[in-house]
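Excluded from the calculations below are hydrogen atoms, water molecules and symmetry mates; all remaining heavy atoms, backbone and side chain alike, are included. Just follow the structure's listing: the first ligand is 1, and inside any ligand the first atom is 1.
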Amino acid sequence: MHGIDLHTHSNISDGTLSPELLVSAALEKGIHTLALTDHDSMDGLIKAEQFAKNQPIRIISGVEVSSQWSRPSTKKNYAVHIVALNMQNPEPLEKVLAEQKCIRAERGKQICDLLISCIGQDIYQDVLAKVEGIPDRITRTHIAKTLVEKGIVSRAQQAFDKYIKEGKKAYVKFDGLGLEETIKVIHESQGFAVLAHPTRYGLSATNIRYLIELFASYAGDAVELPPSIEPLGTRQMVDRLIAQFDLKVSVGSDFHGDHMPWIKLGNIPVVKEGQIGIWESFR
Ligand code: AMP
Ligand code: MN
Ligand code: MN
Ligand code: MN
């Protein structure tokens with residue numbers, strides 16, 4: 001169990017380390033099984049794998065897919081992140097990711113356009129400079145960082161709270177794949193679908209339960225265990241749902257590099273007796 005991290009980001013999305021430096025940092029931490037799971041992109045994988053050659057570490061192919069779901073009783077759409085792991089045939093997923101990248105590129109521009117009326121300036125070029133000019137890499141993290149650097153907010157969290165999180169003026173929903181389609185395409189790619197950080201979407205306990213049940217009904221494979229900093233009661237609730245819906249578990253730090261210094265690479269929650277790790281199914 002120790003030495004596994006199945007949820008990490010490089011600078012292909014909103015991490016700060018290149019894929020190579022991420023692998024190097026993982027080696028220093030004694031990690032032997034590392035999944036690179038950038039937002040809607042598998043573009044860092046080859047670099048990570050090349051760097052890992054002849055090193056005591058296995059790179060698991062991965063991606064964190066921006067997905068969405070809804071309850072039939074309400075019209076509301078909820079955002080959800082599905083981590084895809086260990087794809088044997090990445091083609092179907094790559095096809096869909098090409099569309100997700102177009103959505104991401106357009107959304108980055110839309111958020112910056114909406115911000116103009118909030119802050120009185122257009123920061124799009126500065127945001128683009130943070131992603132080597134590649135617009136499909138823009139995440140809200142890059143936008144938040146740019147707002148900090150321009151002195152418009154003091155911390156990235158403030159940028160979310162004031163402007164770009166759900167309900168705020170410059171929020172733009174990621175209108176990507178639905179949950180069922182996401183799981184389906186991951187399975188077509190012969191990978192495993194993991195429900196990422198179920199307690200981090202601001203959902204009520206009822207909705208977390210509904211989401212996990214829905215995920216299981218679409219044949220989702222595993223649920224990520226909450227980090228140990230979350231309250232014990234939260235972990236116990238997730239443990240119960242995992243057992244009830246007969247799901248496997250996944251462990252990942254969601255490491256992003258030094259702009260989220262409280263998240264340490266390789267820092268993963270403890271797996272309880274009776275829980276089955278998704279890594280045991282890796283091919
Ligand atoms: P995006 O995929 O463009 O919506 O960006 C999502 C990323 O922004 C997440 O992966 C987090 O790294 C970060 N993020 C999302 N919500 C928040 C928040 N409320 N505060 C700080 N960072 C956040
Ligand atoms: Mn992120
Ligand atoms: Mn996420
Ligand atoms: Mn993540």
For ligand 1, output the ligand-protein N/O contacts shorter than 3.5 angstrom; if there are none, return none.
residue: ligand 1; atom: 2 (O); partner: R104; partner atom: NH1; Å: 3.3
residue: ligand 1; atom: 2 (O); partner: R104; partner atom: NH2; Å: 3.0
residue: ligand 1; atom: 3 (O); partner: R104; partner atom: NH1; Å: 3.1
residue: ligand 1; atom: 3 (O); partner: R107; partner atom: NH1; Å: 2.9
residue: ligand 1; atom: 3 (O); partner: R140; partner atom: N; Å: 2.9
residue: ligand 1; atom: 4 (O); partner: R107; partner atom: NH2; Å: 2.8
residue: ligand 1; atom: 4 (O); partner: R140; partner atom: NE; Å: 2.8
residue: ligand 1; atom: 4 (O); partner: R140; partner atom: NH2; Å: 3.1
residue: ligand 1; atom: 8 (O); partner: T141; partner atom: OG1; Å: 3.2
residue: ligand 1; atom: 10 (O); partner: H39; partner atom: NE2; Å: 2.9
residue: ligand 1; atom: 12 (O); partner: D14; partner atom: OD2; Å: 3.2
residue: ligand 1; atom: 12 (O); partner: H256; partner atom: NE2; Å: 3.3
residue: ligand 1; atom: 20 (N); partner: Q157; partner atom: OE1; Å: 2.8
residue: ligand 1; atom: 20 (N); partner: Q157; partner atom: NE2; Å: 3.4

Parallel, tilted or perpendicular: ring planes of H256 versus H39, cut at 30 and 60 degrees: tilted
Within a reach of under 6.0 Å around NZ of K272, are more than 12 heavy atoms found that belong to other residues, nucleotides or ligands? yes
Distance under 6.0 Å and angle within 45° of ring axis: K165 vs Y163: no
Are there any protein N/O/S atoms under 2.8 Å from the Mn ion (ligand 4), and if so, which? H7 NE2, H9 NE2, E64 OE1, D254 OD1
Hey, what's the ring geometry for H81 with Y201, parallel, tilted or perpendicular (30° and 60° as the breaks)? perpendicular
To the nearest 0.5 Å, atom CD1 of I183 lies from atom CG of D221 at 8.0 Å
Straight-line distance of L6 CG to N86 CG, nearest 0.5 Å: 9.5 Å
Pair K173 + E166: basic N to acidic O under 4.0 Å: no
Is it true that D136 and R104 have a side-chain N and a carboxylate O under 4.0 angstrom from each other? no
Around atom NZ of K130, are there more than 12 heavy atoms of other residues, nucleotides or ligands at under 6.0 Å? yes
